[in-house]
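Presented below is the structure to which this report refers.
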Number of protein chains: 2
Amino acid sequence: MSTKQKPEDRALHLEQFLPYRLNVVGFFASRALGRVYGTRFGIGIPEWRVIAQLGEFGQLTSRDIGELSQMHKTKVSRAVSELDKRGLVTRAENRADRREAFVALTAAGQRLYAQIVPLALAFEERWIEGIAPEELRVFERVLAVLTERGRHLAGAYQTEEA
Amino acid sequence: MSTKQKPEDRALHLEQFLPYRLNVVGFFASRALGRVYGTRFGIGIPEWRVIAQLGEFGQLTSRDIGELSQMHKTKVSRAVSELDKRGLVTRAENRADRREAFVALTAAGQRLYAQIVPLALAFEERWIEGIAPEELRVFERVLAVLTERGRHLAGAYQTEEA
DNA sequence: CCCAGTTAGTTACAAGCGCAACTAATGTCA
DNA sequence: TGACATTAGTTGCGCTTGTAACTAACTGGG
């Protein structure tokens with residue numbers, strides 16, 4: 001006879017419960033970054049993500065931005081509108097498909113991007129400082145697996161339950 | 001002369017930017033769990049956290065709950081009120097300090113807790129399934145370091161900038 | 001004993017969010 | 001070609017959230 005413990009008999013300790021821990025660390029990340037961008041540049045996380053993607057890829061539709069940065073289309077829409085209002089991005093209608101528009105950084109947007117990138121990298125550097133490189137590699141590999149699995153467990157935006 | 005790259009010269013790739021990745025995985029965790037609790041029990045993440053802490057520790061003040069589960073005191077206040085309204089917790093004034101009250105699960109609350117725990121553990125199990133135990137241990141150790149550092153980088157709630 | 005400072009918890013308010021519904025444009029298939 | 005489905009993007013709405021302000025109770029130094 002097996003004496004192995006059935007899952008339903010194990011106790012739950014929230015502070016060791018992985019989903020909880022991931023949510024907490026993600027919250028800290030968001031909050032800390034929000035302070036950096038917010039206090040120095042007056043932008044929020046969604047705006048920052050839009051700028052980051054445009055800085056990296058040059059020109060994208062809102063749909064692409066949402067997919068690349070895991071944001072709901074309404075959040076993208078509002079972030080792009082805000083950045084447009086501030087003169088940091090432009091929207092150019094795609095003549096081949098007039099439903100969509102190509103969003104790109106203006107000169108001012110590019111200057112802002114150039115300012116933020118070093119801060120973001122320094123922030124990341126300070127955060128992972130002192131962690132052994134090989135441990136960090138393991139961490140990132142596991143994180144990638146958990147993220148991909150989490151995506152399925154969570155279900156994508158506006159997707160019907162299959 | 002050194003040829004090492006200065007940080008400000010490195011490029012930023014959002015999808016590899018750690019704060020972003022942590023935020024995304026935390027979002028998936030929260031969303032997936034929210035579905036489990038929400039659809040089956042009609043409660044949200046804050047309510048779940050309160051129940052989890054009470055199930056583990058038996059009796060706590062709202063302040064303790066907030067500290068243990070990393071929630072703002074207003075969020076705790078609202079979650080406890082909601083659970084009280086549903087008859088899942090009771091509030092008993094502490095006679096030695098009448099500002100605070102001891103919150104505890106009712107019998108119904110304990111039954112709910114007993115129902116949720118196996119689901120939560122099974123969810124976690126499904127999420128980490130197939131990941132090598134030693135990699136998981138490394139992951140969790142690094143996660144603990146990042147969380148602690150993130151707590152400081154983010155700053156606690158309603159704390160003045162020191 | 002008293003008064004200034006601190007703490008537990010609640011609430012008004014505004015900002016941010018996702019869902020659902022909508023408009024406008026494109027794709028599809030007979 | 002024409003009717004129906006799909007897609008990009010916006011907006012109205014209700015819900016959740018954190019900040020700030022508040023009440024009530026406790027603490028401690030004089």
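Sequence lines set the chain letters: A, B, ... in the order given, protein chains first and strands last, and positions in each chain run from 1. Only heavy atoms go into these numbers, but all of them, side chains included; no hydrogens, no water, no symmetry mates.
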Stepwise salt bridge (charged side-chain N to carboxylate O under 4.0 Å, His left out) test for A:Glu140 and A:Arg137: CA-CA 5 Å; A:Glu140 293 191 335; A:Arg137 277 203 310 277; over 6 Å; no
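With 3.5 Å as the limit, one finds a donor-acceptor pair spanning the side chains of B:Asp64 and B:Thr61.
Checked options B:Leu60, B:Leu83, B:Val80, B:Asp84; the residue passing with B:Val103 is B:Val80 (criterion: side chain to side chain contact (heavy atoms under 4.5 Å, CB included)).
Rounded to a whole Å, the NZ atom of A:Lys75 is 18 Å from the P atom of D:dT11. Regarding A:Arg95, its CZ atom lies at a distance of 13 Å from the P atom of C:dT26, rounded to whole Å. With rounding to whole Å, B:Phe27 atom CZ is found 14 Å from D:dT16 atom C1'. Rounded to whole Å, atom C1' of D:dG9 lies 17 Å from atom CD of A:Glu82. The distance between atom CE of B:Met71 and atom P of D:dT16, rounded to the nearest whole Å, is 14 Å. Rounded to a whole Å, the CD atom of A:Glu67 is 13 Å from the C1' atom of D:dA8. Here D:dG18 presents its C1' atom at 12 Å from CZ of A:Arg35, a figure rounded to the nearest Å.
Shown here are the side chain to side chain donor-acceptor pair (under 3.5 Å) partners of A:Arg63, two or more places apart in sequence or in another chain: A:Glu67.
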Per-nucleotide protein contact string for nucleotides 4-12 of chain C, where B marks a base within reach and S marks sugar-phosphate only (heavy atoms under 4.0 Å, - for neither): ---BSBBBB
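Shown for residues 36-60 of chain A: no residue has heavy atoms falling under 4.0 angstrom of DNA chain D.
Judged by distance alone, the side chain of A:Glu56 and the main-chain N or O of B:Leu14 form a donor-acceptor pair under 3.5 Å.
Side-chain atoms of A:Gln70 and B:Tyr20, non-hydrogen and from C-beta on, do get closer than 4.5 Å to each other. Using a 4.5 Å heavy-atom cutoff, the side chains of A:Tyr37 and A:Leu112 are not in contact.
Heavy atoms only, all atoms of each residue included: B:Ala108 and B:Gly87 are closest at CB-O, 4.0 Å.
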